[in-house]
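Right, I'll just put the structure down here and ask away after.
Since the model is a prediction, treat every value here as computed from it, not as a measurement.
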Amino acid sequence: MVRRFWFIAALPLLIANNLLASDATNEHSSRETASALAAYDRSLPAATVPPFGLQEATALAAWPLSCIDHPQAAPEDAQYLWLYRERPDLPTDYDKTRSFYGCYDWHSAVNSMWMMIALSKDYPDMLLVRLMREKITEHLGEKNLAGELAYFKQAKSFERPYGYAWLLKL
């Protein structure tokens, strides 16, 4: 499949075109801008989308599997997982009361879970599917999700809107 990604490089021209188009008396300039955009598009080299198959899916699956069970580092101001005493420490059975504690941060754990689910659906014959499903089952168990819900009830603006978007996607 061949695609042109001119819109990124041409953003200033698109903005200018939009400003010019909003002025009804400047129709000639709008046509010139549109013509310049079309010429710019024709000058760009064709881009090909690289193939994505089982090998690439396996490489992607390794990323969330490498971090999903490792709690994120204790941030100074977040209260999601860590208990703050003399030294930050993890609560007992955190892995039974929370779903998304691994990887770099909370939303990374959520999008890693989404990736494992998507890959296991799209590549059911991948060697890592069994391990991914095991991790999905562990992390999305009833008690884990109940713990997430309990946290969210008191979390105020935690991970809004970005983290919520990944949670809704999942």
Query raised in the report: What distance do Ser99 atom OG and Leu140 atom CG have between them, rounded to the nearest 0.5 Å?
Result: 5.0 Å

Report summary line: All heavy atoms of Leu170 vs all of Phe100, minimum pair found to be CD2-CZ, 3.6 Å

Query raised in the report: Where the side chain of Asn111 meets the backbone of Trp166, is there a donor-acceptor pair that is under 3.5 Å apart?
Result: no

Report task. Before giving the answer on side chain to side chain contact (heavy atoms under 4.5 Å, CB included), spell out for Asn144 and Thr97 the whole-Å C-alpha distance, their side-chain angles and the decisive distance to 0.1 Å. Result -> CA-CA 4 Å; Asn144 300 69; Thr97 59; over 6 Å; no

Query raised in the report: Can you find a heavy atom in the side chain of Leu128 that is under 4.5 Å from one in the side chain of Thr58?
Result: yes

Requested in this report: May I ask you to decide if the ring planes of Trp106 and Phe152 are parallel, tilted or perpendicular, using 30° and 60° as cut-offs?
Outcome: tilted

Query raised in the report: Does the side chain of Val129 reach to within under 4.5 Å of the side chain of Met132, using non-hydrogen atoms?
Result: yes

**Report entry** Worked verdict on Lys143 versus Lys96 for side chain to side chain contact (heavy atoms under 4.5 Å, CB included)
**Finding:** CA-CA 6 Å; Lys143 286 183 182 180; Lys96 309 265 187 296; 5.5 Å; no

Report summary line: When every non-hydrogen atom of Ala109 is compared with those of Tyr101, the smallest separation belongs to CB-N, 4.1 Å

Report task. Taking all heavy atoms of Ser120 and all of Arg133, pick out the closest pair and write down the distance. Result -> O-NH2, 3.4 Å

Query raised in the report: Counting heavy atoms not belonging to Glu134, are there more than 12 under 6.0 Å from its CD?
Result: yes

Requested in this report: Count the heavy atoms of every other residue, nucleotide or ligand shown that sit under 6.0 Å from CG of Leu149, and state whether that count exceeds 12.
Outcome: yes

Report summary line: Looking only at heavy atoms, the pair that brings Ser112 and Ile68 closest together is CB-CD1, 4.0 Å

Query raised in the report: To the nearest 0.5 Å, what is the distance between CG (Leu60) and CG (Asp122)?
Result: 11.0 Å

Report task. Calculate, to the nearest 0.5 Å, the distance between atoms CG and CE belonging to Leu65 and Met115 respectively. Result -> 10.0 Å

Query raised in the report: Could you go step by step and tell me if Lys135 and Leu131 meet the side chain to side chain contact (heavy atoms under 4.5 Å, CB included) rule?
Result: CA-CA 6 Å; Lys135 297 300 175 188; Leu131 179 58; 4.0 Å; yes

Query raised in the report: More than 12 heavy atoms of other residues, nucleotides or ligands under 6.0 Å from CD of Gln154: is that the case?
Result: yes

Query raised in the report: Judged by modelled atom types alone, do His139 and Asp69 share a side-chain donor-acceptor pair under 3.5 Å?
Result: yes

Query raised in the report: Would you say the side-chain atoms of Asp105 pair up with the backbone N or O of Gln72, donor to acceptor, closer than 3.5 Å?
Result: no

Requested in this report: Look at the side chain of Ser108 and the backbone N and O of Tyr104, then say whether any donor-acceptor pair between them is shorter than 3.5 Å.
Outcome: no

**Report entry** Ring geometry between Phe158 and Tyr151 (parallel below 30°, tilted from 30 to 60°, perpendicular above 60°)
**Finding:** perpendicular

Report task. Hey, could you give me the CD/CD1 distance between Glu138 and Ile136, rounded to the nearest 0.5 Å? Result -> 10.5 Å

Report task. Report yes or no: do Met126 and Phe52 belong to one cluster of Ile/Leu/Val/Met/Phe/Trp/Tyr joined by side chain heavy-atom distances under 4.5 Å? Result -> yes

